[in-house]
Number of protein chains: 2
Amino acid sequence: MNSIEEADEFVRNGYKTYMPHFSIECVIFGYENRQLKVLICKWIGEMGWGLPSGYVKREEALTDSAIRILKERTSLDNVFLKQFHFFGDSIYRRAPYIMEAARVLPEGNWLTERTVSFGFYALLDCSKAIINQDYFFEEYKWVDVEEIPDDLLLDHNEIINTALITLRNQIFNEPIGFELLPEKFTLPEIQTLYETILNKKFDRRNFPNKLLSQEIIVKLDEKRNIGQHRSPFLYKFHKVNYQNALNESVVITI
Amino acid sequence: MNSIEEADEFVRNGYKTYMPHFSIECVIFGYENRQLKVLICKWIGEMGWGLPSGYVKREEALTDSAIRILKERTSLDNVFLKQFHFFGDSIYRRAPYIMEAARVLPEGNWLTERTVSFGFYALLDCSKAIINQDYFFEEYKWVDVEEIPDDLLLDHNEIINTALITLRNQIFNEPIGFELLPEKFTLPEIQTLYETILNKKFDRRNFPNKLLSQEIIVKLDEKRNIGQHRSPFLYKFHKVNYQNALNESVVITI
């Protein structure tokens with residue numbers, strides 16, 4: 001959406017294109033400077049910060065819808081995206097726009113209908129991510145998962161918390177490490193990522209030894225120069241072994 | 001629902017009570033004779049076998065709806081019930097009843113609307129479960145998860161497969177063992193349960209030793225008599241230690 005005219009048309013006639021009852025909320029995780037981050041957006045009109053979201057089109061599959069909404073709101077494309085939970089037990093109006101428009105919405109406008117939200121999480125290397133703004137958003141921010149404001153719109157805090165628990169529970173089943181890390185990474189980078197997601201500390205030697213002995217990661221003949229006398233070796237995932245470990249739910253931290 | 005009159009009223013005027021767009025499908029797991037089983041139901045009118053399901057009421061929270069539908073269809077109450085996935089990317093008509101009634105449904109009947117299904121899984125000790133039949137069902141059956149017919153209604157095979165993968169991924173995070181086993185169980189019973197869900201074989205000594213050394217299960221001063229010279233000791237979960245292990249995602253099989 002690019003203008004106020006389009007937004008007004010959406011409020012008036014959006015029901016012809018969209019299902020009033022189905023919305024998508026995207027929790028976009030990135031990893032940078034050894035911090036796990038989430039993308040939050042400032043919605044127009046003093047509404048506050050929340051997640052990128054949108055309505056499902058009438059003839060659109062839910063997963064296609066999530067891909068489209070992620071792209072429309074943030075321009076992100078071709079990223080790992082997976083459903084994780086549905087929300088809306090007690091929240092009947094979700095569209096943030098409605099909060100501004102509610103006073104002038106005629107009774108029975110489609111935006112006042114009960115809606116269930118389908119939660120999807122996205123994973124990406126945020127050092128490479130380029131975000132372009134949608135009409136709905138004034139500002140974007142990557143925030144450390146430890147520092148998420150506790151007053152996000154609607155139930156977006158609950159949605160992020162549930163997504164974090166999902167990452168924790170799926171870290172040995174889904175390619176979460178692979179999708180969040182850059183292709184080449186240092187040992188402290190991968191260790192901090194697993195520690196952050198699992199909310200535990202691992203031994204500095206045991207953790208990489210475990211990954212290396214199972215050949216889930218491999219050492220490269222390449223170093224990163226990060227300062228005087230500091231040039232740690234780089235590593236990358238061994239794709240086949242990593243995928244096998246995920247298929248077998250191998251726990252690589254113990 | 002108890003009669004054809006009620007069912008007809010449901011088809012004609014159900015939209016006043018129910019959301020046409022939200023349905024619930026229940027995958028009910030039980031464990032008996034060292035077999036993990038799923039409850040399937042034969043729907044009326046030659047429709048075939050499928051899962052217990054139903055529509056969400058307009059003013060009803062999704063989890064309340066799942067509890068109600070489980071109870072209405074099967075009389076099961078007070079069981080462990082948890083959302084795991086949503087379905088309906090490409091299936092727009094779900095109500096099995098519609099398959100029979102479709103020819104006589106007027107254009108625009110609410111049962112022809114697009115519906116998304118919310119999948120919930122239930123866990124219970126099926127030796128204790130009493131199932132009472134709903135009007136919609138002619139017959140019930142507990143089937144071993146290895147022997148599920150591959151021609152269930154709609155996408156119910158896909159739903160069961162996804163539920164099984166969920167059990168596998170959550171076995172160290174959710175009280176799956178506790179909910180499926182009777183209060184007192186033998187070592188082969190618990191071992192077979194974990195082997196079935198994880199689709200792996202564990203060592204006959206290591207597996208119980210691991211559980212016992214971490215005090216996740218405790219040995220009782222009680223035996224079960226299962227035949228001449230065969231009276232294995234019974235065990236039960238140590239609730240606090242088990243819950244702590246789940247909270248910490250402790251993998252108890254290695």
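Since the model is a prediction, treat every value here as computed from it, not as a measurement. Throughout, protein chains are lettered first and strands after them, A, B, ... in sequence-line order, and every chain is numbered starting at 1. Every heavy atom of this structure was used, including side-chain atoms; hydrogens, water molecules and symmetry mates were not.
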Which residues from residues 166-175 of chain A are near chain B, with near meaning under 4.5 Å between non-hydrogen atoms?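 Under the 4.5 Å heavy-atom cut-off, A/N169, A/N173 qualify.
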Quick one, A/E113 with A/T115, criterion side-chain hydrogen bond (donor to acceptor under 3.5 Å, both in side chains). Give me CA distance, side-chain angles, the key distance, then yes/no. CA-CA 6 Å; A/E113 299 247 5; A/T115 303; over 6 Å; no
Basic-acidic side-chain contact under 4.0 Å: A/K71, A/D77: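 Yes.
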State which residues pass side chain to side chain contact (heavy atoms under 4.5 Å, CB included) with B/E189; sequence neighbours excluded, sorted by chain then number.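 Partners of B/E189 by the side chain to side chain contact (heavy atoms under 4.5 Å, CB included) criterion, ordered by chain and then number, come out as B/R34, B/L181, B/F185, B/T186, B/R224.
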Salt bridge (Lys or Arg N to Asp or Glu O under 4.0 Å), paired with A/E195, selected from A/R204, A/K200, A/K201: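 Exactly one option meets the salt bridge (Lys or Arg N to Asp or Glu O under 4.0 Å) with A/E195, and it is A/K201.
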For chain B, the option from A/M19, A/Q83, A/H21 that forms the most heavy-atom pairs under 4.5 Å: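 The answer is A/Q83.
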Using ring-ring contact (aromatic ring centres under 6.0 Å, His included) as the criterion, list what pairs up with B/F22, not counting sequence neighbours.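 Per chain and number, B/F22 pairs via ring-ring contact (aromatic ring centres under 6.0 Å, His included) with B/F118.
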Please list all pairs passing the salt bridge (charged side-chain N to carboxylate O under 4.0 Å, His left out) test where one or both residues lie in residues 14-23 of chain A, with sequence neighbours left out.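 Residue pairs passing salt bridge (charged side-chain N to carboxylate O under 4.0 Å, His left out), neighbours aside: none found.
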